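This report refers to the structure that appears directly beneath it.
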Amino acid sequence: MNSRPILIAPSILASDFARLGEEVRAVDEAGADWIHLDVMDGHFVPNITFGPPVVKAIRAASKKVFDVHLMIAAADSYLEPFADAGADIITVHAEAGPHLDRSLQAIRALGKKAGVSLNPATPESAIEYVLDKLDLILLMTVNPGFGGQAFIPAMLEKIRRTHAMIGDRPIHIEVDGGVALDTAPLVTAAGADVLVAGSAVFKGGTRSAYTANIGAIRDAARVGLASAAA
Ligand code: DX5
Ligand code: ZN
């Protein structure tokens, strides 16, 4: 996957929720490739964010890919509401439900791209037998629940192993948590091609700041990719 373009997916968790639609429009215009939407239920993770009505409300603010990261237990009954609300990619956690294979089939049956996310302590072998049902693997590089946490360095080895495991399958490797200028080159050198960033994108609070932040993360990510290819 190292030949793939690097994609930057700002996480709106770090945006100003009082102006959510404007913030989505601002990061779209600032060069975001995807918009990353963190859905939390207060059970699977110790925080609560938003659900399908909010996704539906901001759908009009951007035509970019809506990358919906479900940090919710027993996600199956919510897949269709998120698909209807405008999700393009729906990612469930391998740890959150009893039947991952079934959840992934259900996402694809809704006509959406299927992703699976792994918490830091979950080995990549957990998804070895569902690789043919996946469009994206979201490796958490912090424990999910909050923005602004420190990147866990041991995850670099997991990115490398995941990259080796998927071989030439057309599966994105997305990383989420603590991605900033210092860690972006490390994750792309290890094999990630989609970088989620919350705090590192939304710092500064203006569209021009977002443009500079996304550009700087993209440049740093490309440096890592070039070092991997060398
Ligand atoms: C954490 C979320 C992340 C979070 C990343 O549970 O999944 O998407 O917003 O935030 P930063 O980039 O600030 O670590
Ligand atoms: Zn996320």
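Start at 1 with the first residue, then count along the sequence. Fair warning: this is a prediction, and the values are worked out from it, not measured in the lab.
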query = Just how far is it from atom CD1 of Ile89 to atom CG of Asp67, taken to the nearest 0.5 Å?
reply = 4.5 Å
key: Neighbour count >12 (heavy atoms, 6.0 Å) for atom CZ, Arg19   = yes
Contacts of Glu29 that satisfy salt bridge (Lys or Arg N to Asp or Glu O under 4.0 Å) - sequence neighbours left out = Arg207
request  = State plainly whether one hydrophobic cluster holds both Val55 and Ile48, where clusters connect Ile, Leu, Val, Met, Phe, Trp and Tyr through side-chain heavy atoms under 4.5 angstrom apart.
outcome  = no
query = Just how far is it from atom CG of Asn119 to atom CD1 of Ile152, taken to the nearest 0.5 Å?
reply = 9.5 Å
ask   = Closest approach of Ala184 and Ala220, non-hydrogen atoms and distance?
value = CB-CB, 4.1 Å
ask   = Taking C-beta and beyond as the side chain, do Val201 and Ser11 meet within less than 4.5 Å on heavy atoms?
value = no
hydrophobic_cluster_shared for Ile214 and Ile35, side chain cutoff 4.5 Å = yes
message = Main chain of His69, side chain of Ser117: is a donor-acceptor contact present, judged purely on distance under 3.5 Å?
response = no
task = Please tell me if the side chains of Phe50 and Ile58 come closer than 4.5 Å, counting only heavy atoms from C-beta onward.
result = no
request  = Check step by step if side-chain hydrogen bond (donor to acceptor under 3.5 Å, both in side chains) holds for His93 and Glu95.
outcome  = CA-CA 5 Å; His93 267 262; Glu95 307 87 357; 2.9 Å; yes
ask   = Is there a side-chain contact between Asp84 and Pro52 (heavy atoms, below 4.5 Å)?
value = no
task = Side-chain contact test, heavy atoms from C-beta onward, threshold under 4.5 Å: evaluate it for His172 versus Leu7 and give yes or no.
result = yes
request  = Indicate yes or no: at least one non-hydrogen side-chain atom of Val196 is less than 4.5 angstrom from one of Glu174.
outcome  = yes
key: Verdict with supporting geometry, Phe151 and Val175, side-chain contact (heavy atoms from CB on, under 4.5 Å)   = CA-CA 10 Å; Phe151 182 89; Val175 290; 5.7 Å; no
Distance-minimising heavy-atom pair for Phe44 and Ala73 = CB-N, 3.7 Å
task = May I ask you to decide if Asn143's main-chain N or O and Gln149's side chain share a donor-acceptor pair within less than 3.5 Å?
result = yes
query = Applying salt bridge (Lys or Arg N to Asp or Glu O under 4.0 Å), which residue pairs with at least one partner in residues 137-154 are found, sequence neighbours left out?
reply = none
query = Do Arg25 and Glu22 sit within salt-bridge range, that is, some charged N less than 4.0 Å from a carboxylate O?
reply = no
Spacing of Asn47 atom CG and Met40 atom CE [to the nearest 0.5 Å] = 5.5 Å
message = Can you confirm whether more than 12 heavy atoms, excluding those of Tyr78, are under 6.0 Å from its OH atom?
response = no
inquiry  = Just so I know, are the side chains of Pro144 and Pro120 near enough to count as touching, which here means a heavy-atom distance under 4.5 Å?
reply    = yes
message = Quick one, Asp33 and Val65 - any side-chain contact, counting heavy atoms below 4.5 Å?
response = no
query = Ile159 and Leu138: same hydrophobic cluster, using ILVMFWY side-chain contacts below 4.5 Å?
reply = no
key: Heavy-atom closest pair, residues Ala190 and Leu156   = CB-O, 3.8 Å
Rounded distance (nearest 0.5 Å) linking atom CD1 of Ile8 with atom CG of Asn213 = 11.0 Å
Closest non-hydrogen atom pair between Ala200 and Ala197, with its separation = CB-CB, 4.3 Å
task = Apply the test side-chain contact (heavy atoms from CB on, under 4.5 Å) to residues Val194 and Asp176: give CA-CA distance (whole Å), side-chain angles for both, the deciding distance (0.1 Å), then the verdict.
result = CA-CA 9 Å; Val194 187; Asp176 188 2; over 6 Å; no
task = Show the numbers, then the answer: is there a side-chain contact (heavy atoms from CB on, under 4.5 Å) between Val39 and Asp41?
result = CA-CA 7 Å; Val39 177; Asp41 68 350; over 6 Å; no
request  = Report yes if the side chains of Thr183 and Leu195 come closer than 4.5 Å at any heavy-atom pair, otherwise no.
outcome  = no
task = Group every Ile, Leu, Val, Met, Phe, Trp and Tyr by side-chain heavy-atom contacts under 4.5 Å, then state whether Val68 and Ile171 land in the same group.
result = yes
task = Just grab all the salt bridge (Lys or Arg N to Asp or Glu O under 4.0 Å) pairs involving residues 125-135, residues at least two apart or on different chains.
result = Asp101-Lys133, Arg108-Asp135, Asp132-Arg169
request  = Apply side-chain contact (heavy atoms from CB on, under 4.5 Å) to the pair Lys158 and Arg161, showing each step before the final yes or no.
outcome  = CA-CA 5 Å; Lys158 186 152 77 171; Arg161 290 187 191 189; 5.6 Å; no
request  = Kindly indicate, with the supporting measurements, whether the criterion side-chain hydrogen bond (donor to acceptor under 3.5 Å, both in side chains) is fulfilled by Asp38 and Thr49.
outcome  = CA-CA 7 Å; Asp38 286 307; Thr49 56; over 6 Å; no
key: Closest contact, heavy atoms only, Thr141 versus Gly177   = OG1-O, 2.7 Å
ask   = To the nearest 0.5 Å, what is the distance between CD1 (Ile127) and OG1 (Thr122)?
value = 10.0 Å
query = What heavy-atom pair brings Phe202 and Ile12 nearest, and what distance separates the two atoms?
reply = CE1-CA, 4.0 Å
query = Counting only heavy atoms not in Lys56, do more than 12 fall under 6.0 Å of its NZ?
reply = no
Side-chain (Arg4) to main-chain (Asp193) donor-acceptor, under 3.5 angstrom = no
ask   = Is Asp88 paired with Lys63 through a side-chain N to carboxylate O contact shorter than 4.0 Å?
value = no
query = Should Val130 and Ile137 be counted in the same cluster of Ile, Leu, Val, Met, Phe, Trp and Tyr side chains packed under 4.5 Å apart?
reply = yes
inquiry  = When you measure from the side chain of Glu23 to the backbone of Asp16, do you find a donor-acceptor pair of N or O atoms at a distance under 3.5 Å?
reply    = yes
key: Spatial distance of atom CG (Leu118) from atom CE (Met140) [nearest 0.5 Å]   = 10.5 Å
query = Would a distance-only check, ignoring hydrogens and angles, find a side-chain to backbone donor-acceptor pair under 3.5 Å from Arg102 to Asp76?
reply = no
